[in-house]
Amino acid sequence: MGNTHALPFSIDATAISQWLDSLNLKQAVQTANDIYTVLKTLNKSPAQYQQHLPILLDALTPITVQLCTDLQPLFCTADDSLDAKKRKIARLSINSLRYLAFLHYQLTLNTENNHIALYINRCIKICDLCLTQSALIYERPSQEIWKIVGQMYQLSSDKALLELLNNDSTSFFNQQDTISKNIKTVLLFNLCKPYYLKQNEILRLHTVLNQYSEQLKLNNQYTETCTHSWDYSQPGPAKIIRPSIDTEFSTLYLDNQLLRPTLQAESFSAISTKLTTYRTLIPNISKERGARQKIAYGISAVYELIEQHKRTRKIQKTSEHLLSLADKLELQPFDYEKKLEKVSAADIWKNNKALTNTTHIAQVKEDLDSDFLLVKLNSFSGTAEDIIIIDGENKLQLGVIRLISQLKNEKQSYQLLVEKISSELKATTVINQSQIQKAITCKIPNNETLLLVAPNKYSTASTIELNQQAFILTRLYESTENFMMYQIQAQPD
């Protein structure tokens, strides 16, 4: 067929086969680098190679998947440690899979292809492996990959291919027998929040979900058993449902109730609770006595409330100190001092319109023996999986919104189930690659320090600066459209 100086072979089946045969599979890292270079070249100008993609991908896909699978034990080890070398190998594998997935997506643009079902299924399975390996090194999942998964679902749905039985010559792509089950595995894996698990637990979880993915039900209409929704036209995973929001035609509702006993039987009870039983926590917490407290949600609003709390406490301490000194004196005030008006805390902050607009008064109920609390309020413009702060008596409590309910026939029309994170908080700024962002740091009971920041280009194991001190992003716990939560450690001297 054609020749190109950018590739190490001519584009014909014999030349590609000869080049692949020349690679030393025993040198997995070097060979993976060679394959990665080819995939990167193809991705630079996919239109140039569009007509040749079937022959290229038929040859390159099996060996790429094999190499990426072979590399996995090199960065996924029994001691759960990740050094720079292991991360470099992992990123080589992940980036190779990203390029391979994009090329399969390009191939499916030719909707008249007789093998389109095969390429769609391969594409989704490659995305699945890419997202799994990202979790194994606690790296932020690729939005580009999620975009491809959504487009593959839409295409396979439009062409009635979701339940078509797979028949692939490569066994890796036959682990599930339909496109639908592969998509459900991808969705479930994200819903189960694997970033909180150890590497071996992540792999075991994925195996379980792969086996029982058909227990996830995808519905076009909302029912009370649905906890999440997925808009496959958007580049992102499924989200916790927020009531009364008009949805697009491309929204699916996820019912995972059937998966609960499976997860419990496989020793994933904590995941089962988070995934399927949030609502069961509400009745017990609702029995607690409520208190009216100030709240704020979203990174910026939470940051400002922490700063306000810090300033207020500083003023109070200064006032107490001055009053203590004054008690020891017997001086009479001057006449002009008698005319000075007293200033309250409310007067100090009444001109801060930005803060007034971002704080709300809510009824808060807390079970001290639980990791959750309830927040009831009249109006709510936020979303689930965002951070929230409660300003209680002499204590700030940071949490994550895990469930939103709309109440009927009650004064407070919204109810938020909040998972408590920490009450040892600091508002700060983070410098990452010369970019400055507002951020929040907190301590949690196991003595870890967490960093919460708005989504941006952060990379696990990279170095950031906080308060003129270097810290390492040791691991990602959560990444949503609203915030990212990292574990951080001070960089050794």
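- For Q221, there are no side-chain contact (heavy atoms from CB on, under 4.5 Å) partners at least two apart in sequence or on another chain.
- In this structure F380 satisfies the ring pair (Phe, Tyr, Trp, His ring centres under 6.0 Å) test together with Y297, sequence neighbours excluded.
- A search for ring pair (Phe, Tyr, Trp, His ring centres under 6.0 Å) contacts involving F75 returns nothing, not counting sequence neighbours.
- Evaluation of the salt bridge (charged side-chain N to carboxylate O under 4.0 Å, His left out) test over residues 429-445, restricted to residues two or more places apart or in two chains, returns E304-K438.
- Applying the ring pair (Phe, Tyr, Trp, His ring centres under 6.0 Å) criterion to F189, with sequence neighbours excluded, gives H206.
- Listed by chain and number, the residues in a side-chain contact (heavy atoms from CB on, under 4.5 Å) with S267 are R204 (sequence neighbours excluded).
- With sequence neighbours excluded, the residues satisfying side-chain contact (heavy atoms from CB on, under 4.5 Å) with T273 are T277.
- Residue pairs that meet the side-chain hydrogen bond (donor to acceptor under 3.5 Å, both in side chains) test with at least one member in residues 185-198, sequence neighbours left out, are Q176-T185, T185-N210, K193-E385, Y196-E478.
- Residue pairs satisfying the side-chain hydrogen bond (donor to acceptor under 3.5 Å, both in side chains) criterion with at least one member in residues 424-435, sequence neighbours excluded, are listed as follows: T428-N467, Q435-N456.
- Residues satisfying the side-chain contact (heavy atoms from CB on, under 4.5 Å) test with Q143, not counting sequence neighbours, are W146.
- Here F372 pairs with Y278 under the ring pair (Phe, Tyr, Trp, His ring centres under 6.0 Å) rule; sequence neighbours left out.
- When the side chain to side chain donor-acceptor pair (under 3.5 Å) test is applied to Q199, no partner is found at least two apart in sequence or on another chain.
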